[in-house]
Number of protein chains: 2
Amino acid sequence: MLRLSKLTDYATVILSFMAKDEIQVHAAMEIAAVTGIALPTVSKILKMLVNAKMLISTRGAKGGYILARMPEEISVAAVISALEGPIALTECSISHQSCEQASGCDIRGNWGLINQTIHNALESVTLADLTRPAAVPEEVMIPLSSLYR
Amino acid sequence: MLRLSKLTDYATVILSFMAKDEIQVHAAMEIAAVTGIALPTVSKILKMLVNAKMLISTRGAKGGYILARMPEEISVAAVISALEGPIALTECSISHQSCEQASGCDIRGNWGLINQTIHNALESVTLADLTRPAAVPEEVMIPLSSLYR
DNA sequence: TTAAATAGGACTAGAATGGTCCTCAATCGA
DNA sequence: TCGATTGAGGACCATTCTAGTCCTATTTAA
């Protein structure tokens, strides 16, 4: 199914809520209330996004979270990476250690291309695109052939 | 990590081996020996591919498996679907049942676009492309804006 | 000083995944 | 006809991963 984890899904929901008024500080509890996601889970996700330098946190009373960058500068690819690590379809695409497959590994190079293609697609969509349903994002072409050298 | 299951990875290895001489019938045991994947696992994958009408099987002595279509006509998207079901990043993209998120669901439409984009990318790469490392696949453009109405 | 928030990590239950195995059915060839 | 070979179908298990919860420490505003 090529699935994205539930947490990543939640993250996009949370981030798009925050993107609506990006200069406002939001507490975890507020976000939980608005999105309907349980507080501990929201909290966990927010911490991950802070670690990924995607959000900035303020501790203490009146504290909370705020976007570190403009919604236009936060790509879906970045969100996925923050929650799930590097975007790659296959194991070998990440760690280039020896893979034990006897004959199959000449495929790897091409998997790299597929990964690249998908990465480009995800990179081209930003939080801003997600929050504005009818908006047309900037034109992005992904000519497969250009990925081959 | 946006990961593909190991079985799907294996499937591509198996299929590319079979694509090398596509008119030959290959037994599961032979494939296991060549690819280095354990026989029961190979067997399981082959059965799935048969169910997906991607391979044709012959029972009995001298039996085995053969590609149902030409390598050029088998897309990576089809392989993934065969092993993992419909390609979709989020749950809601598959079953359009009500999703309980209070405010986040205006995002859904745009997730659909991302899914479509990725699907197109995977659809545009075929088994033939995977087996010929240096080959340039047919030019495929994926203008994001065209996906919006 | 107290209340409100986040930081960091441990922990658990449940689901999914990868992998194995067994029995039945079909086909070929001697 | 019979036996060997090969796939079909499904049950099954162990391990890993995921989602989700909770606890304690730290920071800050009032």
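Note that the coordinates shown come from a computational prediction; the quantities given were computed from them, not determined experimentally. Chain letters run A, B, ... following the sequence lines, proteins first and then strands; every chain starts at 1.
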Q: Would you confirm whether B/Glu84, through its side chain, and B/Ser5, through its main-chain N or O, come within 3.5 Å as a donor-acceptor pair?
A: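 The answer is yes, because a donor-acceptor pair under 3.5 Å joins these two groups.
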Q.
How long is the straight-line distance from CZ of A/Arg3 back to CG of B/Leu4, given to the nearest 0.5 Å?
A.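 The CZ atom of A/Arg3 is 11.0 Å from CG of B/Leu4, to the nearest 0.5 Å.
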(Q) To the closest 0.5 Å, what do you measure between CG (B/Leu15) and CG (B/Leu130)? (A)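 The CG atom of B/Leu15 sits 9.5 Å away from the CG atom of B/Leu130.
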Protein-nucleotide distance ([X], atom [atom1]; [N], atom [atom2]), rounded to Å:
X       : N      : atom1 : atom2 : answer
B/Ile14 : C/dG18 : CD1   : C1'   : 14 Å
B/Leu7  : C/dT20 : CG    : P     : 11 Å
A/Arg59 : C/dT2  : CZ    : P     : 21 Å
A/Glu30 : C/dA4  : CD    : P     : 16 Å
A/Ile66 : C/dT6  : CD1   : P     : 13 Å
A/Asn51 : C/dA7  : CG    : C1'   : 9 Å

Q: Could you state whether B/Leu67 and B/Val50 fall into the same hydrophobic cluster, counting links through intermediate Ile, Leu, Val, Met, Phe, Trp or Tyr residues with side-chain heavy atoms under 4.5 angstrom apart?
A: yes
Q | Close approaches to DNA chain C from residues 40-49 of chain A, in residue order (heavy atom, under 4.0 Å) | A | A/Lys47
Q.
With heavy atoms of chain A within less than 4.0 Å as the criterion, where does contact along DNA chain D begin and end?
A.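 Listed 5' to 3', the contact boundaries are D/dA19 to D/dA29.
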Q) Side-chain contact, heavy-atom cut-off 4.5 Å: B/Thr12 with B/Val76? A) no
Q | Minimum side-chain heavy-atom gap A/Leu49-A/Leu83 below 4.5 Å | A |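 Yes. Closest side-chain heavy atoms under 4.5 Å.
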(Q) Check the phosphate of C/dA7 against A/Ser57, side-chain N and O only, distance under 4.0 Å to OP1 or OP2. Yes or no? (A)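 For A/Ser57, the contact criterion (side-chain N or O under 4.0 Å from OP1 or OP2 of C/dA7) is met.
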**Q.** Distance test, side-chain N/O of B/Ser5 to OP1/OP2 of C/dG18, below 4.0 Å
**A.** yes
(Q) Show me the pairs that pass side chain to side chain donor-acceptor pair (under 3.5 Å) and involve residues 49-72 of chain A, at least two apart or across chains. (A)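 Counting only pairs at least two positions apart or across chains, the side chain to side chain donor-acceptor pair (under 3.5 Å) contacts touching residues 49-72 of chain A are A/Glu72-A/Arg132.
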Q: Take A/Leu39 and B/Met29, find for each the nucleotide of DNA chain D with the closest heavy atom, and name the residue whose nucleotide sits nearer the 5' end.
A: B/Met29
